[in-house]
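All remarks here apply to the structure that follows.
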Amino acid sequence: IFVSGAGPREPGPRWINCHSVGGMPMPLSANFVQVGKQARDDGAAPPPPVADEHGRGPRAKILEAIDEHSAGCTSFCTDHTFYLVRLRKGKSESTIDIKSPEYSVHFDRTCGSRLGLKIEIQQSNECLFIKEVAGGLASSWNESAPKDKIRPGDKIVKVNDVVGHAHALNDECKQRKSLVLTLRRGAAKKVKAGLFVTVKRPFCKLQVCQQGFVESVDEDGDALIQFRGHGRQWVTKENYELLQFTDSECYYLKRYEDFRDLYEWLRKKQECGLTGEKFNGKWPELPRVATFGFRRTMSTLGVSNWTRRRFEGLQVFLDWVCSQVDSLDVEPLVAEFFGNDTVPACGGVDFRESLKQKLEHLVQKNRQSTIPEDDVVG
């Protein structure tokens, strides 16, 4: 372990490079010895668990444990158990705002110049959908505008004072006069598989507050959504504004060593006084490491309850970690643990792909009958 960078020490946190299985870096203060001693001498009771504005912060639950062997596993393989972890975020950090920003462009059509926009009249969405920018005034605007360039996928939602009727918008665009077009960008954030969905405005026989989840997204950005009481429904990205998307639930496959890495790095950071008022007081005890698979084998044969105790011990640790933060980004190490990597980097590319497929199967099984109660609207 070495402190990165060169030259004199600077005040404040610094980062170290390290070789850890979890790969999670930890900031150390330049005077971490003194700070660490102060943190250890502080006998104050830990603050009560915090929660988001809706009364609940993130929650994580281990749903089941599965055994998966890579090609490199031998008779001395001590730990090939993967735990299926379901994370449910607090409301304050799970709602995804895909409402697109609006911008305005000015065209002078008093001489009859063509706009140069290939459009689709979308009466249900009360807009003109731009399919292509094809010369004319639109291309001239794009060449001169430093920002707010017109792009395929944007929508014309207002022309001068005309709004709310697609055909009226189209008629206004044909007038030989000065035009002020208000356009709305395509989806600001990409929709991805696994997001939960609530209908905000009725469409396609879907009613307000009807719920579902995104099963998949095609290359055009359209989503296949499984709606409760309705079945599967393809929804184009142009209709995303009729829905509320929440990234409230995520699934991961974690190994024991992933939990251990999080525990050890949080512990070191707390001892250096870098966690503030979080993670103080009595820590839960992390289950011990397996030794040559003996306890595991005995537990499988029904002679020992070691597997069950490890499962419960890891759950106690997760509950405690979640009780210390009101959102994941409050503590970078926790955010890293529940980051974008849903399966560990282990066993080679092929094995990792098999883990992803296994995770998708487990997620599908759990989501078929479950929609988080926190996402119910109304």
Side-chain angles (χ1 to χ4, degrees), residues 52-61 85-102 122 124-127 129 151-155 157 183-252 326-329 335 338-342 356 359-360 362-378:
D52 66 8
E53 61 181 345
H54 296 272
R56 303 185 76 175
R59 293 98 63 209
K61 183 177 181 181
V85 179
R86 181 187 67 204
L87 170 70
R88 285 182 175 170
K89 302 177 184 178
K91 277 265 187 171
S92 60
E93 60 177 336
S94 63
T95 300
I96 298 177
D97 183 13
I98 65 167
K99 185 177 180 179
S100 308
E102 295 184 351
Q122 295 186 347
S124 60
N125 293 326
E126 302 176 345
C127 71
F129 179 77
R151 305 170 186 167
D154 292 353
K155 306 171 188 175
V157 295
L183 297 94
R184 184 174 296 155
R185 289 289 186 205
K189 292 190 177 180
K190 291 185 177 180
V191 170
K192 62 181 180 180
L195 297 181
F196 279 90
V197 176
T198 303
V199 178
K200 296 193 296 185
R201 291 166 53 190
F203 73 104
C204 297
K205 298 183 179 180
L206 294 168
Q207 303 302 315
V208 175
C209 297
Q210 198 160 357
Q211 294 182 312
F213 64 89
V214 179
E215 284 194 356
S216 61
V217 180
D218 66 14
E219 58 184 10
D220 295 323
D222 301 330
L224 178 61
I225 301 177
Q226 174 78 36
F227 287 99
R228 176 175 288 177
H230 180 80
R232 288 184 174 91
Q233 171 76 49
W234 278 102
V235 178
T236 63
K237 57 180 176 291
E238 292 79 33
N239 287 323
Y240 284 169
E241 293 180 358
L242 305 177
L243 305 171
Q244 174 182 295
F245 292 90
T246 54
D247 192 15
S248 59
E249 189 171 277
C250 305
Y251 289 81
Y252 303 86
D326 56 348
S327 63
L328 298 178
D329 56 5
F338 293 115
N340 294 327
D341 293 331
T342 55
K356 290 181 179 179
L359 177 60
E360 289 178 4
L362 294 171
V363 170
Q364 187 72 9
K365 181 181 71 173
N366 278 276
R367 280 183 168 161
Q368 285 296 338
S369 57
T370 304
I371 290 181
E373 295 179 0
D374 285 359
D375 291 337
V376 177
V377 178

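- In this structure, Glu360 has no side-chain hydrogen bond (donor to acceptor under 3.5 Å, both in side chains) partners at least two apart in sequence or on a different chain.
- Note: Leu243 CG to Leu195 CG = 11.0 Å, rounded to the nearest 0.5 Å.
- Applying the ring-ring contact (aromatic ring centres under 6.0 Å, His included) rule to Tyr252 yields the partners Phe338; only residues at least two apart in sequence or on another chain are considered.
- Considering only residues two or more places apart in sequence or on other chains, Asp222 meets the side-chain hydrogen bond (donor to acceptor under 3.5 Å, both in side chains) condition with none of them.
- Here Ser216 contributes atom OG and Trp234 contributes atom CH2; the two are 4.5 Å apart, rounded to the nearest 0.5 Å.
- Asp218 is linked by a side-chain hydrogen bond (donor to acceptor under 3.5 Å, both in side chains) to nothing, counting only residues two or more places apart in sequence or in another chain.
- When every heavy atom of Leu87 is checked against every heavy atom of Pro58, the shortest pair comes out as CD1-CB, 4.3 Å.
- We find the SG-NZ distance between Cys250 and Lys89 to be 4.5 Å, quoted to the nearest 0.5 Å.
- For Arg201, the side-chain contact (heavy atoms from CB on, under 4.5 Å) partners are Leu242, not counting sequence neighbours.
- Partners of Thr236 under the side-chain hydrogen bond (donor to acceptor under 3.5 Å, both in side chains) rule, at least two apart in sequence or in another chain, are Glu238, Asn239.
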- prompt: Is there a side-chain contact (heavy atoms from CB on, under 4.5 Å) between Phe213 and Val363 once you walk through the steps?
  reply: CA-CA 12 Å; Phe213 64 89; Val363 170; over 6 Å; no
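- If you take CZ on Phe196 and CD on Glu249, they are separated by 4.0 Å, rounding to the nearest 0.5 Å.
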- request: Please test Leu206 against His230 for side-chain contact (heavy atoms from CB on, under 4.5 Å), starting from the C-alpha separation and ending with a verdict.
  value: CA-CA 8 Å; Leu206 294 168; His230 180 80; 3.6 Å; yes
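- Legend: residues meeting side-chain contact (heavy atoms from CB on, under 4.5 Å) with Lys61, ordered by chain and number and at least two apart, are Leu63, Arg86, Gln315.
- Distance alone, capped at 3.5 Å, is enough to place a donor-acceptor pair between the Gln210 side chain and the Arg228 backbone.
- Checked against side-chain contact (heavy atoms from CB on, under 4.5 Å), Val157 has the following partners two or more places apart in sequence or in another chain: Glu102, Cys127, Lys155, Thr182, Arg184.
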message: Run Tyr251 and Thr342 through side-chain contact (heavy atoms from CB on, under 4.5 Å) and show every step you take.
response: CA-CA 7 Å; Tyr251 289 81; Thr342 55; over 6 Å; no
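- Between the Asp154 side chain and the Arg151 main chain, a donor and an acceptor come within less than 3.5 Å of each other.
- How far OG1 of Thr246 is from CD of Gln211: 8.0 Å, rounded to the nearest 0.5 Å.
- Taking NZ of Lys200 as the start and OG1 of Thr198 as the end, the distance is 10.0 Å to the nearest 0.5 Å.
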